[in-house]
Amino acid sequence: MTDNPLQHLFQQVSNCIQTHLANFTGQPQNPSSSTSKNTVFSLSPPSSHLSSKIYPANRDTSTVQPKDVLNKEKSAAPVTKEELGRATWTFLHTLAAQYPDHPTRQQKKDVKELMAILSRMYPCQGCADHFKEVLRVNPVQVGSHAEFSQWLCHVHNIVNRSLGKLVFPCERVDARWGKLECEQRACDVQGTTNLDED
Ligand SMILES: Cc1cc2nc3c(=O)[nH]c(=O)nc-3n(C[C@H](O)[C@H](O)[C@H](O)COP(=O)(O)OP(=O)(O)OC[C@H]3O[C@@H](n4cnc5c(N)ncnc54)[C@H](O)[C@@H]3O)c2cc1C
């Protein structure tokens with residue numbers, strides 16, 4: 001304990017410098033304290049528990065052999081027109097299955113835009129051109145879940161017919177493409193309760 005005010009001031013300045021130095025170097029200011037605030041901003045890698053969730057399990061890329069590279073290329077074969085078609089129809093019919101009975105104005109606008117974009121951007125030019133013509137003759141119907149899913153079934157059948165495939169019975173479309181399976185209906189898409197919205 002000292003009564004000298006200058007010495008007291010010097011001690012405060014000294015403490016302050018030590019604190020800043022400790023933050024800068026990452027060393028705890030007080031080794032006995034494990035909760036020093038500089039640990040919060042640690043730049044060290046995440047713990048193994050966290051890193052196993054974020055990064056692939058410790059892969060040593062220095063051991064990758066040319067054979068592995070060849071196998072990888074093999075498994076990344078280009079997607080076929082059929083696979084692309086099936087994936088897209090799955091997306092579209094699931095969208096229709098989730099589409100609300102009373103969609104909002106925005107939802108109706110979005111579906112129309114999506115179909116228009118699909119007819120321009122579908123990554124198979126011939127299919128896109130054909131679908132554009134299908135849309136021109138069969139404008140999208142987005143008034144309700146029933147309307148949209150039946151319309152989609154209808155245009156899918158037009159594509160089916162053009163490819164010599166079987167026509168799907170549209171009365172069975174809800175049985176084939178039910179709502180997305182999701183715990184506690186957490187994936188359900190909400191429509192509007194304002195029935196004046198048209
Ligand atoms: C917008 C669009 C345009 C396409 N245009 C062409 C094209 O011009 N030329 C081309 O070669 N390919 C085109 N395709 C791909 C083609 O439609 C098929 O996806 C592909 O040939 C694979 O057919 P698939 O027999 O496996 O069944 P898909 O036709 O892909 O159908 C997938 C599943 O949907 C169900 N399904 C079938 N019909 C209906 C229906 N009407 N309603 C509800 N469910 C149904 C059946 O369970 C079927 O197994 C297009 C795809 C899309 C999405």
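The model shown is predicted, which means the values in this text are computed figures rather than measured ones. When a ligand or atom number is given, it counts from 1 through the structure's own listing order.
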Could I get the full list of ring-ring contact (aromatic ring centres under 6.0 Å, His included) partners for H145, not counting sequence neighbours?
-> none
For the pair W177 and T94, evaluate side-chain contact (heavy atoms from CB on, under 4.5 Å) and give the outcome as yes or no after the intermediate values.
-> CA-CA 6 Å; W177 302 100; T94 307; 4.2 Å; yes
Under the ring-ring contact (aromatic ring centres under 6.0 Å, His included) test, which residues partner H130, sequence neighbours left out?
-> none
Contacts for ligand 1, heavy atom under 4.0 Å, by chain and number, are K81, E82, G85, R86, T88, W89, H93, Y122, C127, H130, F131, C153, H156, N157, V159, N160, L163, K165, F168, V173, R176, W177
Could R136 and E133 be called an ion pair, given the rule that one side-chain N must be under 4.0 Å from one carboxylate O?
-> yes
Which residues pass the salt bridge (charged side-chain N to carboxylate O under 4.0 Å, His left out) test with K165, sequence neighbours left out?
-> none
What is the distance from atom CD of Q98 to atom CZ of F148, rounded to the nearest 0.5 Å?
-> 12.0 Å
